[in-house]
Number of protein chains: 2
Amino acid sequence: MNLKQLSELLGLSQTTVSRALNGYPEVNEATRERVLQAVKETGYRPNKAAQRLATGKAGSIGLVMPTAPGHQSDVHFGEFLAGLGEEAVRHDFHFVIMPADPDDEVAALRRLAVSGNVDALFVAYMRGHDPRLAMLKSLSMPYVVHGRSFGSEPDYPFLDIDNEGAFYDATRLLLQLGHKRFALMNGPMHLDFAIRRRNGVMSALAERGLALDEDCASHALMTDEQGLLAMERFLQLPDRPTAILCSSTVLALGAIRAVNQAGLRLGEDISLIAHDDVLPLLKPENFSVPLTTTRSSLRAAGVRIAQRLIGTVKQAGPFPDQELWKTELIVRASTGPAPQQR
Amino acid sequence: MNLKQLSELLGLSQTTVSRALNGYPEVNEATRERVLQAVKETGYRPNKAAQRLATGKAGSIGLVMPTAPGHQSDVHFGEFLAGLGEEAVRHDFHFVIMPADPDDEVAALRRLAVSGNVDALFVAYMRGHDPRLAMLKSLSMPYVVHGRSFGSEPDYPFLDIDNEGAFYDATRLLLQLGHKRFALMNGPMHLDFAIRRRNGVMSALAERGLALDEDCASHALMTDEQGLLAMERFLQLPDRPTAILCSSTVLALGAIRAVNQAGLRLGEDISLIAHDDVLPLLKPENFSVPLTTTRSSLRAAGVRIAQRLIGTVKQAGPFPDQELWKTELIVRASTGPAPQQR
DNA sequence: CCCAGTGCCCAAAGCGCTTTCAATTATGTA
DNA sequence: TACATAATTGAAAGCGCTTTGGGCACTGGG
């Protein structure tokens with residue numbers, strides 16, 4: 001069933017039917033009713049590809065999903081998507097997801113953009129000096145970046161959390177508790193958030209004349225395995241750290257396993273603060289020792305970004321171009337005073 | 001840059017350029033080279049919406065993602081998507097994801113199908129007597145169902161795991177270990193896999209003249225909270241179960257927390273077998289007591305379904321219509337002989 | 001020398017929709 | 001009663017692509 005058939009059925013022109021459906025004012029209310037009724041009966045749905053071709057809009061936002069045979073799926077991605085979806089469903093938007101090899105993201109993004117079947121782009125996994133920014137700017141298509149790109153001029157629309165502030169505050173708390181030996185379990189160093197969090201830690205330490213030892217910084221994929229490995233390394237250090245900053249509750253999961261296996265007690269021998277993206281699966285309060293965290297909901301960020309993206313496409317009012325969300329520092333049981341000097 | 005411009009630039013007709021790009025034989029090799037070269041220089045990409053409109057194909061597979069403000073995002077969904085994506089990227093396919101209220105899935109699916117921007121559909125979260133099947137059959141669009149629909153004629157293309165067999169085997173193992181009092185922590189009862197797993201447990205029990213007590217069966221969302229709550233309930237039973245069958249490692253996570261909080265030892269006081277979808281975050285071997293599991297990779301299922309879907313769209317050879325994968329029963333430390341009668 | 005066959009290429013139709021421009025009828029106003 | 005004005009509706013162009021149905025220039029066998 002297409003427009004033509006529907007209009008013939010109704011004895012109207014395609015024009016009128018189209019107008020009736022799209023809420024144009026110049027159509028008689030009685031006629032509109034009749035059209036709507038017929039749509040209900042026939043189950044007619046406009047062909048999106050045709051609509052897109054005719055209007056240039058298609059009610060879809062595009063994103064690329066990094067994936068590869070060895071590539072471990074990322075819980076953060078799913079959670080973020082849920083947030084986007086929550087908002088999208090309210091506006092009858094959908095997503096076009098282009099899977100792409102992680103090394104091919106910039107090309108994939110360009111392909112997606114020029115493919116002509118998305119109205120706006122969402123970009124994540126930002127890196128320092130991210131090469132995608134230049135491309136996006138040249139594109140004349142709305143986009144919002146989740147995160148920022150360290151080292152690039154901040155002249156692009158983004159939503160980010162204050163990673164540096166979060167880790168600065170967390171570090172200060174641990175300092176106040178008397179800790180002197182710190183370690184950082186971070187995400188891959190090329191990612192923006194990792195750079196900023198590291199900076200946050202280092203500047204808090206610097207204020208006390210401390211530095212972050214190279215041996216005490218791990219930059220790796222945020223999986224529980226990597227958390228385990230990193231923590232094992234830390235614990236074997238001659239002068240092992242007593243305070244751990246951790247970029248994700250996923251890493252913390254592995255880290256805590258290592259702590260337990262070493263027979264140490266979390267919150268006493270070792271204090272740990274993790275960043276909490278509010279993953280449904282990894283609630284800090286459900287850890288055997290509830291985790292002190294810096295918190296910011298990934299899902300809420302998804303909702304907000306979808307709002308901005310969709311709002312822009314629909315030309316609904318101005319949106320702030322750049323948002324920086326504060327995180328909350330929530331103290332639970334995984335932090336405690338520094339143990340007495342051995 | 002569109003076809004028209006490109007062809008004018010080359011002094012060729014749109015026809016020839018189009019043919020050159022799509023690998024038709026009736027175009028001079030030299031001409032084709034010239035076209036390809038121009039494409040490289042101009043960065044021309046065909047408009048997907050126009051292609052779709054003209055050909056009816058667009059290289060995309062559609063799926064609906066259940067989502068709602070309160071709706072907890074599902075790790076299983078993300079993991080499955082990763083599998084789909086891994087295969088899709090090889091064929092330059094993408095996804096169109098329609099977010100939808102969980103109560104609106106059948107309508108959302110129809111909208112997606114008739115929207116005309118997907119070539120095939122993937123359907124999950126199957127229920128008993130699933131109403132979507134009838135709709136899908138009437139659609140004349142390729143689709144593959146992940147799972148099955150209990151109570152419906154099995155005359156549709158699906159890929160499923162042998163849920164009944166898995167839980168039958170798991171139950172038998174526990175019976176052999178001497179357990180007499182069983183409990184089942186399952187997903188929502190309207191879902192197909194939950195029905196079959198339950199049946200598997202019950203038929204194994206029935207062979208020994210045992211039955212599954214109503215108090216010892218929990219059907220709820222597969223979250224760690226629900227796992228915790230269910231297990232707490234089980235443990236308060238006057239004659240508490242010693243053997244637990246668990247539909248997900250996510251549920252197991254909560255369940256084990258309850259076991260620990262009750263001061264009981266997993267694998268001794270309580271034996272537990274969970275189904276393992278091979279989620280990267282929840283490796284059974286990484287639990288404090290490594291989990292005995294029935295295993296089947298969700299991601300592998302995603303890859304396979306994408307193969308079938310894409311293969312069908314591309315008319316590449318026949319694919320089996322129905323696949324039932326066996327699961328593996330992997331014994332680790334969470335199962336042990338039934339404790340002596342108290 | 002003629003004609004069927006082959007190799008290449010093009011004009012134009014059509015996919016299903018939106019939107020401009022124009023036509024027709026109804027409604028007031030002078 | 002006559003004419004400007006508003007209220008509805010339609011015809012047709014166009015979005016960017018694929019594909020059908022020719023057309024033209026060569027070849028080579030008869």
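Numbers restart at 1 for each chain; the letters A, B, ... are given by sequence-line order, proteins then strands.
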Checking C/dT18, C/dC9, C/dG16 against the side chain of A/Asn2 (C-beta onward), the nearest is C/dG16
Let me know, please, whether B/Glu29 or B/Ala54 comes out on the 5' side of the other along DNA chain C by nearest nucleotide.
B/Glu29
Could B/Arg148 and B/Asp192 be called an ion pair, given the rule that one side-chain N must be under 4.0 Å from one carboxylate O?
no
Salt-bridge present (B/Asp119, B/Arg52; N to O < 4.0 Å):
yes
Can you measure B/Gln51 atom CD to C/dG16 atom P for me and round it to whole angstrom units?
16 Å
Distance check needed: D/dG14 C1' versus A/Leu53 CG, whole Å only.
9 Å
Residue mapping more 5' on DNA chain C - nearest nucleotide basis, B/Glu26 or A/Gln14:
B/Glu26
State whether A/Thr15 places a side-chain N or O below 4.0 Å from either non-bridging phosphate oxygen (OP1 or OP2) of D/dA12.
no
Taken to the nearest whole Å, NZ/B/Lys4 to P/D/dC17 is 11 Å
Taking it one step at a time, do B/His129 and B/Phe150 satisfy ring-ring contact (aromatic ring centres under 6.0 Å, His included)?
CA-CA 6 Å; B/His129 300 278; B/Phe150 199 85; 7.7 Å; no
Short side-chain N/O contact from A/Ser13 to OP1 or OP2 of D/dG10, under 4.0 Å
yes
Do any side-chain nitrogens or oxygens of B/Thr31 fall under 4.0 Å of OP1 or OP2 in C/dC9?
yes
Could you state the atom-to-atom distance from CZ of B/Arg45 to P of D/dC17 in whole Å?
12 Å
Answer yes or no: does a side-chain N or O of B/Asn28 lie under 4.0 Å from OP1 or OP2 of C/dG7?
no
What's the NZ-C1' distance between A/Lys48 and C/dC15, to the nearest Å?
18 Å
Kindly say if B/Tyr44 contacts the phosphate of D/dC17, meaning a side-chain N or O under 4.0 Å from OP1 or OP2.
yes
Interatomic distance, A/Leu21 CG vs C/dT19 C1' [rounded to whole Å]
15 Å
Nearest to the A/Ala50 side chain among D/dC17, D/dC15, C/dC17, which nucleotide is it?
C/dC17
Taken to the nearest whole Å, CG/A/Asn117 to C1'/D/dC17 is 13 Å
In whole angstrom, give the distance that lies between atom CG of A/Leu10 and atom C1' of D/dT9.
14 Å
Would you indicate what B/Arg19 reaches in the nucleic acid, counting non-hydrogen atoms under 4.0 angstrom: base, sugar-phosphate, or nothing?
base
OP1, OP2 of C/dT18 versus side-chain N and O of A/Tyr24: anything below 4.0 Å?
no
What nucleotide among D/dG10, C/dC17, D/dT18 has an atom nearest to a side-chain atom of B/Leu3?
D/dT18
Would B/Phe80 and B/Phe122 count as a close aromatic pair, with their ring centres under 6.0 Å?
yes
Under the 3.5 angstrom rule, does the side chain of B/Glu8 hit a backbone N or O of B/Ser13 as a donor-acceptor pair?
no
Think A/Asn47 has a side-chain N or O under 4.0 angstrom from the OP1 or OP2 of C/dG16?
no
Ignoring backbone atoms, establish whether A/Thr16 has a side-chain N or O less than 4.0 Å from OP1 or OP2 of D/dG10.
yes
Among side-chain atoms of A/Thr67 and B/Glu86, is any donor-acceptor pair under 3.5 angstrom?
no
